[in-house]
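Worksheet for the structure shown next.
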Number of protein chains: 2
Amino acid sequence: MEERQPNVADVARAAGVSLGTVSNVLNNPAKVTPRTRSKVEAAIAALGFVRNGTARSLAAGTSRTLAFLVEDLTNTFFLDLAKGAEEAAQAANLNIVLANADSREDKQRSYLDLFEEERVAGILLAPRQDLLDQVAPLRYRGVRVVVLNAHPPGDVCSVETDNVRGGYLAAQHLIAGGCRRLLFAGAHRFPAVVDRLQGTRRAVAETGGEVTLEVMTTDGVTADDGYEVATVIHSRSDQDRPDGVIAGADLLALGLVQATLVRGRLRVPEDLSVIGYDNNREAWSSLVPLTTMDQAGVQMGRSAAELIIDELRNPREHEHRRIVMEPILVPKSSTRPLVGDPAPPATPARWLPEHAPGQA
Amino acid sequence: MEERQPNVADVARAAGVSLGTVSNVLNNPAKVTPRTRSKVEAAIAALGFVRNGTARSLAAGTSRTLAFLVEDLTNTFFLDLAKGAEEAAQAANLNIVLANADSREDKQRSYLDLFEEERVAGILLAPRQDLLDQVAPLRYRGVRVVVLNAHPPGDVCSVETDNVRGGYLAAQHLIAGGCRRLLFAGAHRFPAVVDRLQGTRRAVAETGGEVTLEVMTTDGVTADDGYEVATVIHSRSDQDRPDGVIAGADLLALGLVQATLVRGRLRVPEDLSVIGYDNNREAWSSLVPLTTMDQAGVQMGRSAAELIIDELRNPREHEHRRIVMEPILVPKSSTRPLVGDPAPPATPARWLPEHAPGQA
DNA sequence: CCCTACCTGTGAAACGCTTCAAAAAGTTCG
DNA sequence: CGAACTTTTTGAAGCGTTTCACAGGTAGGG
């Protein structure tokens, strides 16, 4: 533990071969006779040799590690992204390390700096929406970057989902289930939420007045915000009350649904349908499983990693792409099934009360 | 982007100083005259020089990066650990990267291999409990490792909480609140859960028969498992029914509480007190905020990082320590306040139903 | 039996930085 | 003004790999 760790020269000496041969055993085993190879491998095992990755990166001029920098790891959507990226990286025989920017500008910057210094093979970045300008300087200096869940200006690959489309699909689902008085609830400081609202507006407009839309601005998109929304809804008279809510995010939907359920006056989804957004695992244990829009995070992560791997492998032919994915409706039990659609929801309602709740 | 990136020699040339001086500006600014320093800094900025971290690590023989390998990032307890470790690392001017073993043996191993190759300054490991034997070989080869949430055999620093004590405190809290028929529910395949049960047993034994304990083994510790428990409890007659439940983990407690609430026959905490474990953020949006045992993850992470930093700074004097922390009771609203204790719970009940639920 | 091809194995030359002994430049003081 | 320090700067020697032009050996063909 005090003494110097063995290096390739030590291994070479022990195996009675040259230094370059050891390197070949490590990197191009096919170029070495089985006989020689096993001698070298025996020496490696005997000495407990572990190749020095920093020297390797330096000499080879390229690392085998990707970095994934995430806005906020507590949001499970980002974990899905990481999972997908990891799968793709592994398939390409690359490693991937994670870092959490914790929604802080300084952290995002300092991790980007770190990864640039460490000469990682590439950076996957799921950034805070207002910190996209940190990308251009990196690209300028030749750092490989792919952006997830956003699209910065300039020549960069990116993978995102179409939030406008998501809002549209969510609203359409409620409408198809028979809702006529929609409420959109969410915090307008999130660009994604604003996009979803825009899509909702479009879906409502397409009904030509048959469906009404009310917009409620909340502080954030937490369960507490959902509770506030529930309070407002409950204070309304039957005519003024929405029969379908598009929530800006799952936790908001969760709070709304649970507060509604426990108050016992309105049934979900019979009296009030609620659809969330993100398929967030923090909301999976909802009393009534939430219908939600899934952003296919795993697949996004995979695509992003594949983009950066392509850039890595074919620096010359690679051209930057902007991938926009379609969010996927995940019908569970917080919304009514489509009128005339006998298909059961993917997830059965597990949490329904024994006794019928009171009439609205 | 095609041309070679600038290196220290380029900077030295541009600034009209020697190569060693540039290095000093980077690493020992105090050793350089302000005049010279600013010349060098100007050159760095002009060339867009970014120091090559792999070369630095190689030459210096030591990296400035710690690695944190976690059993399962979807569990927010581990995120707390990471947060604490990051704080401590930052204070010591070290970086920290994350990796997720996803509870898989091969991943845990391959990340450990990666970090050893990359010669990180140290590895913080929150391992799967049955994969502790991967630690010894690393230590043997001189890799700095600190283990969190477990204690492997051998000469290693570790930080964990006392689960026996936690189970004891949890039970004591219920008893102090007036519970007399306790139920412990959890999956016995988790060593931590078994320890908690042991503590609970001790607390019950100390009452000299005044309090009874029943043990229910569940498949896992998810909300669904909690639902199963709720079903069993509801099927019981009033005499046979427990009045206090110690859940092996928060999600289990969450499922139990919510299923109970929505059935409307029993009140929480009046008829049934429930205490969870872990202060898991996935359970924060519970209808009735969960009383739970907090493992002080942030502080654990911080301590672990401090241990490894000490080993890093004082390799000679450093001696390995096993830190065992005390879990902390976080009283919220799913358990009755202590008899005669007028202090309100830290977290007020936000989700209580408008109408009183039916009598038990 | 020689020549050509091919396959293995060789080892010096990078890679870009830190380190550190020694040289150079400054400073103090008699 | 110069000796005796102190502070600042210098640059060559590593760090442990990979790379690649080349040497040595083997086999097949003429």
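When rounded to the nearest whole Å, the span between NZ of A:Lys39 and C1' of C:dG9 equals 10 Å. When the P atom of C:dG16 is taken as reference, atom CZ of B:Arg13 falls 12 Å away, rounded to whole Å. Atom NZ in A:Lys31 sits about 11 Å away from atom C1' in C:dC7, given to the nearest Å.
In this structure, the side-chain hydrogen bond (donor to acceptor under 3.5 Å, both in side chains) partners of B:Asp10, at least two apart in sequence or on a different chain, are B:Arg4, B:Arg13. B:Glu117 pairs by the side-chain contact (heavy atoms from CB on, under 4.5 Å) definition with A:Val50, A:Arg51, not counting sequence neighbours. For B:His151, there are no ring-ring contact (aromatic ring centres under 6.0 Å, His included) partners at least two apart in sequence or on another chain. With sequence neighbours excluded, no residue forms a side-chain hydrogen bond (donor to acceptor under 3.5 Å, both in side chains) with B:Glu118. When the side-chain hydrogen bond (donor to acceptor under 3.5 Å, both in side chains) test is applied to B:Arg321, no partner is found at least two apart in sequence or on another chain. Under the rule for a side-chain contact (heavy atoms from CB on, under 4.5 Å), the partners of B:Arg109 that lie at least two apart in sequence or sit in another chain are B:Glu105, B:Asp113, B:Gln134.
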Contact list (N/O, under 3.5 angstrom) for nucleotides 17-21 of chain D vs protein:
| residue | atom | partner | partner atom | Å |
| --- | --- | --- | --- | --- |
| D:dT17 | OP2 | A:Val8 | N | 2.7 |
| D:dT18 | OP1 | A:Asn27 | OD1 | 3.3 |
| D:dT18 | OP1 | A:Asn27 | ND2 | 2.9 |
| D:dT18 | OP1 | A:Arg51 | NE | 3.2 |
| D:dT18 | OP2 | A:Ser23 | OG | 2.8 |
| D:dT18 | OP2 | A:Asn27 | ND2 | 3.4 |

Heteroatom pairs (N/O) under 3.5 angstrom, protein to nucleotides 21-28 of chain C:
none

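Note on B:Thr36: only backbone sugar-phosphate atoms sit closer than 4.0 angstrom, heavy atoms only; bases stay farther off. Residue B:Thr33 is classed as a sugar-phosphate contact, given heavy-atom separations below 4.0 Å to backbone atoms only.
Rounded to 10 degrees, the angle between the two end axes of the helix from C:dC1-D:dG30 to C:dG30-D:dC1 is 40°, with five pairs used at each end.
Side-chain N or O atoms of B:Asn52 include one that pairs as donor or acceptor with a backbone N or O of B:Thr54 at under 3.5 Å. Formation of a donor-acceptor pair under 3.5 Å by the B:Asn7 side chain with backbone atoms of B:Ala9 is found in this model.
Sorted by first and then second residue, the side-chain hydrogen bond (donor to acceptor under 3.5 Å, both in side chains) pairs involving residues 119-130 of chain A (not counting sequence neighbours) are A:Arg119-B:Gln5, A:Arg128-A:Asp130.
A close approach under 4.0 Å does occur between a side-chain nitrogen or oxygen of B:Thr21 and OP1 or OP2 of D:dT10.
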Pairs under 3.5 angstrom only: tabulate donor-acceptor contacts from the side chains of residues 62-71 of chain A to other protein residues two or more places apart or in another chain.
| residue | atom | partner | partner atom | Å |
| --- | --- | --- | --- | --- |
| A:Ser63 | OG | A:Thr65 | N | 2.9 |
| A:Arg64 | NE | A:Asn93 | O | 3.4 |
| A:Arg64 | NH2 | A:Asn93 | O | 2.7 |

Output side-chain donor-acceptor pairs under 3.5 Å for residues 300-307 of chain B, partner residues at least two apart or in another chain, one line each.
| residue | atom | partner | partner atom | Å |
| --- | --- | --- | --- | --- |
| B:Arg302 | NE | B:Glu87 | OE1 | 3.3 |
| B:Arg302 | NH2 | B:Glu87 | OE1 | 3.2 |
| B:Ser303 | OG | B:Gln299 | O | 3.0 |

